[in-house]
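Here is the structure we will look at.
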Amino acid sequence: MENPHGTDRAVIDSQLFSKLTAELGLGLVALKKTSGSTNTELAQLASTGEAGHLSVYFTEHQQAGKGRLGREWVTPEGSSLTLSVLVAPGAGFPAQSLSWYTMLAALAWSRAAENISGVKLGIKWPNDLLAGEQKVCGILAQMVPTGDSYAVVVGTGVNVNQVRKELPVPTATSLRLAGAKDLNRTVLLAEYLKQFAALDQSFRQVAGVAQMPLPGNDGKSLLELVSEKLVTLGHEVRVEFPDGSTLVGNAVQLGSDGSLVLEYGAGERKHVLAGDVHHVRRADGKYA
């Protein structure tokens, strides 16, 4: 059956992908036509030792994926980039630093999108990327035990070339709708992995310390680099907790542990961790 979207939704070119990623030191690479959940399937391979550091599990059509808090995450075939990357830095790497890989992935995607498509993306704490004030990417990371240490599977789903009627909610968008100049998914996928691998190498060189300057990043730390892209900062936000309670405050900074620091009341501050919240929204009702 002819693809009504033309070459924009051509399958990933495996030969071009291999050429573009040959020097990245990737682990197992699986390019699948369909998948239930890339995170689940890569986590299984990691737990059995079949997948190692920087293994990649990509699918053209994810059927049973889950986003944060178990929200359904399904992608139309050929319209998005849906993949998971395994980070298994070994026993000497601090387990608590693995939580930073959600933000590291967000930073990698923001760089890749701008380099290839010309679209600038901002990071919405704790796990989204926005084009303007609309969501273009969601990220879900999950810890995986691997022998005597832990690894993390970082799943990302980027809306690449959907048109408006294909998006599930008004707050979503795609790179196409955001004015992308290039929608070649193979090139975009390879660029993301290039940026991810470079950031991962630098982060491991500083032993996972988010406040330490990353080699090759103009003397800036991962904390600083993410903060520069974090569109949540500077806004009054409403945080909803699982028990039904809420907190409204100004998002003033990103904590050294990846928490969002809110200032409220008479200058009181609270560090909010991603795992402790149900929703984070701007107090003015905008998604960002």
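- Side chains of Thr186 and Lys19 form no contact here, defined as non-hydrogen atoms less than 4.5 Å apart.
- Tyr57 and Leu54 fall into different hydrophobic clusters, where Ile, Leu, Val, Met, Phe, Trp and Tyr residues are linked whenever their side-chain heavy atoms come under 4.5 Å apart, directly or through other members.
- Within the 4.5 Å cutoff, the side chain of Leu177 has heavy atoms near those of the Leu167 side chain.
- Inter-residue side-chain proximity for Val119 and Leu121 is flagged as met; some heavy-atom pair is nearer than 4.5 Å.
- Under 3.5 Å, the side chains of Glu191 and Asn115 contain a donor-acceptor pair of N or O atoms.
- Nearest heavy-atom pair across Trp125 and Val280 is CZ3-CG2, 3.6 Å.
- Separation of the Tyr101 and Phe203 ring centroids falls under the 6.0 Å cut-off.
- The residues Arg281 and Glu240 are annotated as not salt-bridged, no charged nitrogen and carboxylate oxygen being separated by less than 4.0 angstrom.
- Look at Asp284 and Arg282 and you find a salt bridge, because one of the NZ, NE, NH1 or NH2 atoms lies within 4.0 Å of a carboxylate O, short of that distance.
- Between Glu60 and Lys33, no side-chain nitrogen of the basic residue sits less than 4.0 Å from a carboxylate oxygen of the acidic one, so the salt-bridge criterion is not met.
- Leu260 and Ala251 make their closest contact through CD1-CB, 4.0 Å (heavy atoms, listed as atom of the first residue, atom of the second, distance).
- For Ser37 and Asn39, the side-chain atoms include no donor-acceptor pair closer than 3.5 Å.
- Heavy-atom neighbours of Gln15 CD from other residues, nucleotides or ligands within 6.0 Å: at or below the threshold of 12.
- Scanning all heavy atoms of the two residues, the minimum distance from Gly255 to Trp100 falls at O-CZ2, 3.6 Å.
- For the side-chain contact (heavy atoms from CB on, under 4.5 Å) with Ser55, the qualifying choice from Val29, Leu28, Val85, Val153 is Leu28, the only one to do so.
- Judged by distance alone, with hydrogens and angles left aside, the side-chain atoms of Glu166 form a donor-acceptor pair with the main-chain N or O of Val163 at under 3.5 Å.
- Using a 4.5 Å heavy-atom cutoff, the side chains of Val87 and Asp200 are in contact.
- Taking the side chain as every heavy atom from C-beta outward, Val187 and Leu16 approach each other to under 4.5 Å.
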>> Test side-chain contact (heavy atoms from CB on, under 4.5 Å) on Val206 and Leu214; report intermediate values, then the result.
In response: CA-CA 7 Å; Val206 298; Leu214 294 183; 3.8 Å; yes

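- Closest heavy-atom contact between Leu175 and Val136: N-CG2, 3.8 Å.
- In the hydrophobic clustering of this structure, Tyr264 groups with Val239; members are Ile, Leu, Val, Met, Phe, Trp, Tyr whose side-chain heavy atoms approach within less than 4.5 Å, directly or through other members.
- Leu98 places a side-chain heavy atom less than 4.5 Å from the side chain of Tyr150.
- Ser221 places no side-chain N or O within 3.5 Å of a backbone atom of Met212 that could act as its donor or acceptor partner.
- Among the candidates Val154, Leu193, Val158, the single residue satisfying the side-chain contact (heavy atoms from CB on, under 4.5 Å) test with Leu83 is Leu193.
- A donor-acceptor pair is defined here as one N or O able to donate and one able to accept, closer than 3.5 Å; no such pair exists between the side chain of Asn127 and the backbone of Leu140.
- Results of the side-chain contact (heavy atoms from CB on, under 4.5 Å) test with Leu86 over Leu26, Leu45, Leu42 single out Leu42 as the only residue that passes.
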> Stepwise, does the side-chain contact (heavy atoms from CB on, under 4.5 Å) test hold for Lys32 with Phe58?
Replying inline: CA-CA 6 Å; Lys32 301 289 186 177; Phe58 169 87; over 6 Å; no

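- Taking 4.5 Å as the limit, some side-chain heavy atom of Ile123 sits within range of a side-chain heavy atom of Met103.
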> Between Glu41 and Ser35, is a side-chain hydrogen bond (donor to acceptor under 3.5 Å, both in side chains) present by the stated rule, with each step listed?
Replying inline: CA-CA 8 Å; Glu41 290 164 30; Ser35 169; 3.0 Å; yes

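- Under the 4.5 Å side-chain contact rule for hydrophobic residues, Leu199 and Phe93 share a cluster.
- Linking ILVMFWY side-chain heavy atoms closer than 4.5 Å, directly or via other members, places Val261 and Val226 in two distinct hydrophobic clusters.
- In this structure the side chain of Ser256 reaches within 4.5 angstrom of the side chain of Gln211, judged on heavy atoms.
- By the rule that hydrophobic residues join a cluster once side-chain heavy atoms approach within less than 4.5 Å of another member, Leu24 and Val56 end up as members of one cluster.
- Taking each heavy atom of Ser227 and Leu254 in turn, the nearest pair found is OG-CB, 3.7 Å.
- Closest approach of Thr38 and Ser84 over heavy atoms only: OG1-OG, 2.7 Å.
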> side-chain contact (heavy atoms from CB on, under 4.5 Å) between Val144 and Val152: does it pass, once the steps are laid out?
Replying inline: CA-CA 6 Å; Val144 181; Val152 63; over 6 Å; no

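- By the 6.0 Å contact criterion, CZ on Arg238 is open, its count of non-hydrogen atoms from other residues, nucleotides or ligands being 12 or less.
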